[in-house]
S.K.: 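This structure is in structure tokens; I'll ask about it shortly.
Counting starts at 1 for both ligands and their atoms, following the listed order. Hydrogens, waters and symmetry mates are skipped; everything else that's a heavy atom, side chains included, is used.
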Amino acid sequence: MIEYRNLKIALLGAGSVGSRVAQLLLEHGDELASRVGAGLELVGIAVRDVDAERHVSLPRELFTTDAESLILSADIVIELMGGIEPARSYILEALNSGADVVTGNKALLALHGTELFAAAEQVGAQLYYEAAAGGAIPIIRPLRDSLAGDRVKRILGIVNGTTNFILDRMDVDGDTLEGALATATALGYAEADPTADIEGFDAAQKAAILARLAFHSAVPVEAVHREGITSITADQVERARRAGYVVKLLAICERVVDPVTGEEGISARVHPALVSRLHPLAAVHGAKNAVFVEAEAAGDLMFYGAGAGGLETASAVLGDLVSAARRHVAGGPGVGESFTAYLPVVDIGKVQTRYQITLEVVDATGVLATIAGIFSDHDVSVETLEQSSAAAAGPAASPATVAETATLVIVTHRASEQALAATVASLAGNTAVARVTSVMRVEGA
Ligand code: NDP
Ligand code: HSE
């Protein structure tokens, strides 16, 4: 039996993820020690209530409410409490005491990542966060290390399991948004308050983290354009299906070039989008996550798996723990994150993509020419146009409501959001148009 020196591990939080991390660490300690070359001794678990029931049975004597003393006794601190404070202060305290830190706290990293990485670099410590985006999926390390010699062009991520579950139910079962959300809640995917998921806040935090890593630049979470899925209708999903698309909530991080100045920037945005059924992301069903990376030299890569779940996420946390422990054994300073590209985050108005616009129009001579003229006036090029006859238009008080109407489904070539918004405003104000039924971005082509 090899005798190793022990590294002291402090765990902050024993909820869904923390309790599983403690369980795996206690169960597989010997195996991990042989991988690391040092023992990993869980010296304590800080919680709010030491008597609360846990997901798994853990030794009572490990629990404490004195997080600060626990942090000061540790070589490596694992923060799995969530929230901003006191998590932020505890991580700073741990780094300043010379400990490495492992966290899965996306909200904290999206908001205070710059401060925390700077603190780590200053003291030569390391901050690991594989679990903060995509749960069990290894995506942080591939972006930071494996692709460090490449140039990432674009990331398309399905990074929120709850919304993917809801949209998948709507697509596969023809469910309504409300019905699918109720199922997601009943199955425990959605929180009692699902706002962070369905309004895209959770995905926006992950987009900020991924964009910062991929483009070596600070990306404040407030700069991430965010739209949730609450306005998506069963009708839109059905129309998408018939046209060969699936609706997904995407976190998109993209290197963009200003067509006028030629300057590079970053677009970071979260919104529902139409994805071709031929794209690998279309095959991501249920609550699964996937991150599709387009890199200049490597080409297309996809990372797929469980984006949440206590046990699954604990795998990512323990992977980080092993890395941190190996660094302790090898010695030397932590490897700083590189944020030296200083690319600006561009406004959504400047982003270029393709769009699908569904219109109800008056079915009369010259209407198509009028519609085509509106697109042309705004320099938006039409890629495809399909017309089908529609039932009489809805109850809107417009001259068109009394006429026979037709449905037009128009897909554009790439156009700026600004130009598209102006086009849609003109369409909506034209008497030939009874209703702009839907405007969806088309991504992944
Ligand atoms: P939980 O809410 O299940 O657990 C939080 C734990 O932290 C509890 O044990 C709680 O103690 C403890 N805690 C909270 N506040 C304090 C405090 N002020 N002092 C001491 N202890 C405190 O969270 P999760 O396990 O779900 O998530 C943990 C982190 O992992 C979060 O940052 C989350 O975003 C991230 N994450 C979670 C995933 C998941 O699937 N759950 C997936 C990916 C990332 P007590 O039990 O006594 O109340
Ligand atoms: N609420 C998140 C999801 C959990 O649905 O994916 C992981 O961040």
S.K.: Give the residue, atom name and distance (to 0.1 Å) of the protein heavy atom nearest atom 42 (C) of ligand 1.
M.R.: T313 OG1, 3.3 Å
S.K.: Tell me, which residues have any heavy atom less than 4.0 Å from some atom of ligand 2?
M.R.: K106, N160, G161, T162, D197, D202, K206, G307, A308
S.K.: Below the 3.5 angstrom mark, is there an N/O of V17, backbone or side chain, next to an N/O of ligand 1?
M.R.: yes
S.K.: Determine whether the side chain, the backbone, both or neither of A131 has a heavy atom under 4.0 Å from any heavy atom of ligand 1.
M.R.: backbone
S.K.: State whether the shortest distance between N or O atoms of Y90 and N or O atoms of ligand 1 falls below 3.5 angstrom.
M.R.: no
S.K.: Please test F117 against Y129 for ring pair (Phe, Tyr, Trp, His ring centres under 6.0 Å), starting from the C-alpha separation and ending with a verdict.
M.R.: CA-CA 11 Å; F117 289 114; Y129 55 103; 5.3 Å; yes
S.K.: Suppose we measure from atom 34 (O) of ligand 1 to each protein heavy atom; which comes out shortest, and what is that distance?
M.R.: K106 NZ, 3.2 Å
S.K.: Looking at R154 and E254, does any basic side-chain N land under 4.0 Å from a carboxylate oxygen?
M.R.: yes
S.K.: Within 4.0 Å of atom 3 (O) of ligand 1 (strictly less), any protein heavy atom?
M.R.: yes
S.K.: Which heavy atom of R141 sits nearest to which heavy atom of D320, and what is that distance?
M.R.: NH2-OD1, 2.6 Å
S.K.: Kindly check if the number of other-residue, nucleotide or ligand heavy atoms within 6.0 Å of CD (E383) is above 12?
M.R.: yes
S.K.: Please list, in number order, the atoms of ligand 1 under 4.0 Å from a heavy atom of L80.
M.R.: 5 (C), 6 (C), 7 (O), 28 (C), 30 (O)
S.K.: How close do A298 and L301 get, heavy atom to heavy atom, and via which atoms?
M.R.: CB-CD1, 4.2 Å
S.K.: G135 versus ligand 1: do any nitrogen or oxygen atoms come within less than 3.5 Å of each other?
M.R.: no
S.K.: Could you tell me the residue and atom name of the protein heavy atom closest to atom 20 (C) of ligand 1, and the distance to it rounded to 0.1 Å?
M.R.: V47 C, 3.5 Å
S.K.: Considering only heavy atoms, does E312 approach ligand 1 within less than 4.0 Å through its side chain, its backbone, both, or neither?
M.R.: neither
S.K.: Which residue is it: L318, L321, V317, I139? I am looking for the one with a side chain to side chain contact (heavy atoms under 4.5 Å, CB included) to E130.
M.R.: I139
S.K.: List the closest protein heavy-atom neighbour of atom 5 (C) of ligand 1: residue, atom name, distance to the nearest 0.1 Å.
M.R.: M81 O, 3.6 Å
S.K.: Would you say ligand 1 has an N or O under 3.5 Å from any N or O of G15?
M.R.: yes
S.K.: Could you check atom 35 (C) of ligand 1 against the protein and tell me its nearest heavy-atom contact, residue, atom and distance included?
M.R.: G104 O, 3.2 Å
S.K.: Ignoring hydrogens, tell whether any protein atom lies closer than 4.0 Å to atom 47 (O) of ligand 1; use the non-hydrogen atoms only.
M.R.: yes
S.K.: Find the distance between CE (M170) and CG (L181) and round it off to the nearest 0.5 Å.
M.R.: 10.5 Å
S.K.: Taking all atoms of both residues into account, what is the closest heavy-atom pair of I45 and L70, and its distance?
M.R.: N-CD2, 3.8 Å
S.K.: Please report the interatomic distance CD1(I71) to CG(L12), rounded to the nearest 0.5 Å.
M.R.: 5.0 Å
S.K.: Is N105 close to E79 at the side-chain level, that is, under 4.5 Å between some pair of heavy atoms?
M.R.: yes
S.K.: Could you pull out all residues at least two apart from Y189 that satisfy ring-ring contact (aromatic ring centres under 6.0 Å, His included)?
M.R.: F165
S.K.: Please compare K206, H55, R48 and report which has the shortest non-hydrogen distance to atom 11 (O) of ligand 1.
M.R.: R48
S.K.: How does N105 reach ligand 1, if at all, at less than 4.0 Å between non-hydrogen atoms: by side chain, backbone, both, or neither?
M.R.: both
S.K.: Only heavy atoms of A46, strictly under 4.0 Å: list the atoms of ligand 1 that pass.
M.R.: 21 (N)
S.K.: For P86, take its heavy atoms, then give the atoms of ligand 1 lying under 4.0 Å from any of them.
M.R.: 18 (N)
S.K.: Between Y245 and R277, is there a cation-pi geometry (under 6.0 Å to ring centre, at most 45° from the normal)?
M.R.: no
S.K.: Could you check, using the six-membered ring where one of them is a Trp, whether F292 and Y304 have ring centers closer than 6.0 angstrom?
M.R.: no
S.K.: Please determine whether any non-hydrogen atom of G309 lies less than 4.0 Å from an atom of ligand 1.
M.R.: yes
S.K.: Looking only at distances, can you tell me whether any N or O atom of G13, backbone or side chain, sits closer than 3.5 Å to an N or O atom of ligand 1?
M.R.: no
S.K.: Atom CG in L167, atom CG in D171: separation rounded to 0.5 Å?
M.R.: 8.5 Å
S.K.: With heavy-atom distances below 4.0 Å as the criterion, list the atoms of ligand 1 near A14.
M.R.: 6 (C), 8 (C), 9 (O)
S.K.: Rounded to the nearest 0.5 Å, how far does CG of L250 lie from OG1 of T163?
M.R.: 9.5 Å
S.K.: Which of the listed options, G82, S19, A52, holds the heavy atom that is closest to atom 31 (C) of ligand 1?
M.R.: G82
S.K.: Might you point out which heavy atoms bring S267 and V351 nearest each other, and give the distance in Å?
M.R.: OG-CG2, 3.3 Å
S.K.: Let me confirm one number: the CD-OG distance from Q352 to S416, rounded to the nearest 0.5 Å.
M.R.: 6.0 Å
